[in-house]
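Structure first, commentary second.
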Amino acid sequence: QVQLVESGGGSVQAGGSLRLSCAASEYRYSTNCMGWFRQDPGKEREGVAAIITGGGSTYYADSVKGRFTISQDNAKNTVYLQMNSLKPEDTAMYFCAVWPGWFSYCILESSRVAYWGQGTQVTVSS
């Protein structure tokens, strides 16, 4: 069982920045994808960003490209999500996730996720 511990999140005004962190107890897969999904009440959970741990390839949802940056510290088994130029529509519960890659790619689909973090709330006010 991979344990994920998230930190960060909070409330910020539009245009502001936040950083999320997620530490994993282990990297389990040969192509190990780690990243973030978000969910508003009543909506489906959507992929935000992912990284191949060790390899470094990154993937982003179109809605966050150019504003969010995912990075990693492999010595700490930790992934970060730097969120800049935040918008009210970024408000959601953000979940850290780990899943196996597909042919050396990370696909941002919640159905592929094997392990979830507990979630951290991000609220952006206008």
Side-chain angles (χ1 to χ4, degrees):
Q1 185 80 358
V2 176
Q3 304 294 325
L4 301 174
V5 179
E6 301 164 350
S7 60
S11 297
V12 67
Q13 289 192 325
S17 298
L18 287 171
R19 189 175 86 152
L20 306 181
S21 300
C22 179
S25 57
E26 62 177 295
Y27 289 159
R28 178 160 292 188
Y29 306 106
S30 56
T31 299
N32 193 81
C33 297
M34 191 164 171
W36 299 87
F37 289 73
R38 65 187 181 187
Q39 187 171 25
D40 251 347
K43 295 184 179 179
E44 290 190 2
R45 194 168 293 191
E46 64 170 349
V48 175
I51 190 167
I52 295 180
T53 58
S57 296
T58 57
Y59 307 83
Y60 296 95
D62 288 342
S63 59
V64 306
K65 282 180 182 176
R67 300 188 298 121
F68 291 12
T69 302
I70 191 167
S71 61
Q72 61 182 325
D73 184 339
N74 281 328
K76 299 180 180 179
N77 281 10
T78 298
V79 168
Y80 306 95
L81 185 67
Q82 178 66 43
M83 305 184 291
N84 298 330
S85 302
L86 282 161
K87 304 176 181 180
E89 51 264 43
D90 294 318
T91 296
M93 185 72 78
Y94 283 69
F95 296 89
C96 180
V98 166
W99 66 100
W102 183 79
F103 291 102
S104 300
Y105 289 92
C106 292
I107 298 178
L108 279 168
E109 291 178 356
S110 59
S111 60
R112 295 179 178 269
V113 172
Y115 301 97
W116 292 101
Q118 77 279 7
T120 185
Q121 179 67 36
V122 171
T123 301
V124 184
S125 58
S126 57

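Across every non-hydrogen atom of E109 and F37, the tightest pair is C-CE2, 3.6 Å. Taking every heavy atom of both residues into account, I51 and V79 meet most closely at CG2-CG2, 3.9 Å. The minimum heavy-atom distance between A14 and S126, with the atom names listed, is CB-CA, 4.3 Å. Closest approach of V113 to A97, counting heavy atoms only: CG1-CB, 3.6 Å. Of all heavy-atom pairs between L108 and A50, the closest is CD2-CB, 3.8 Å. The minimum heavy-atom distance linking I52 with C106 is given by the pair CG1-SG, 3.4 Å.
Taken to the nearest 0.5 Å, the CZ atom of F103 stands 10.5 Å off from the OG1 atom of T31. Between the CD atom in E26 and the CG atom in N32 there is a gap of 9.0 Å [rounded to 0.5 Å]. C22 SG to Q72 CD: the interatomic distance, rounded to the nearest 0.5 Å, is 12.5 Å. Note that CD of Q82 and CD1 of I70 are 12.0 Å apart. Values are rounded to the nearest 0.5 Å.
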>> The test is salt bridge (charged side-chain N to carboxylate O under 4.0 Å, His left out); show your working for K87 and D90 and say whether it passes.
In response: CA-CA 5 Å; K87 304 176 181 180; D90 294 318; over 6 Å; no
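Between the side chain of T120 and the backbone N or O of G8, at least one donor-acceptor pair lies under 3.5 Å. Of the possible donor and acceptor atoms, one in the side chain of E6 sits under 3.5 Å from a partner among the backbone N and O of G119.
Inter-residue side-chain proximity for M34 and Y27 is flagged as met; some heavy-atom pair is nearer than 4.5 Å. Considering only heavy atoms from C-beta on, Y29 stays 4.5 Å or farther from T53 through its side chain. Residues I107 and Y59 have side chains not in contact (no heavy-atom distance under 4.5 Å, counting atoms from C-beta outward). When side chains are defined from C-beta on, Y80 counts as touching T78, because their heavy atoms get closer than 4.5 Å. For the pair S110/W116, a side-chain contact is recorded, criterion being any heavy-atom separation below 4.5 Å from C-beta on. Side-chain atoms of R38 and V64, non-hydrogen and from C-beta on, do get closer than 4.5 Å to each other. Residues T91 and Q121 meet the side-chain proximity criterion, which asks for heavy atoms closer than 4.5 Å. Put simply, the side chain of M83 reaches to within 4.5 Å of the side chain of V122, judged on heavy atoms.
Counting non-hydrogen atoms of other residues, nucleotides and ligands closer than 6.0 Å to CD of Q13 gives a total of 12 or fewer.
Scanning for ring pair (Phe, Tyr, Trp, His ring centres under 6.0 Å) contacts around W36 gives an empty result, with sequence neighbours left out.
None of Y94, F68, F95 except one satisfies the side-chain contact (heavy atoms from CB on, under 4.5 Å) rule with L20; the exception is Y94.
Under the 4.5 Å side-chain heavy-atom criterion for grouping Ile, Leu, Val, Met, Phe, Trp and Tyr, Y115 is connected to V48 within one hydrophobic cluster.
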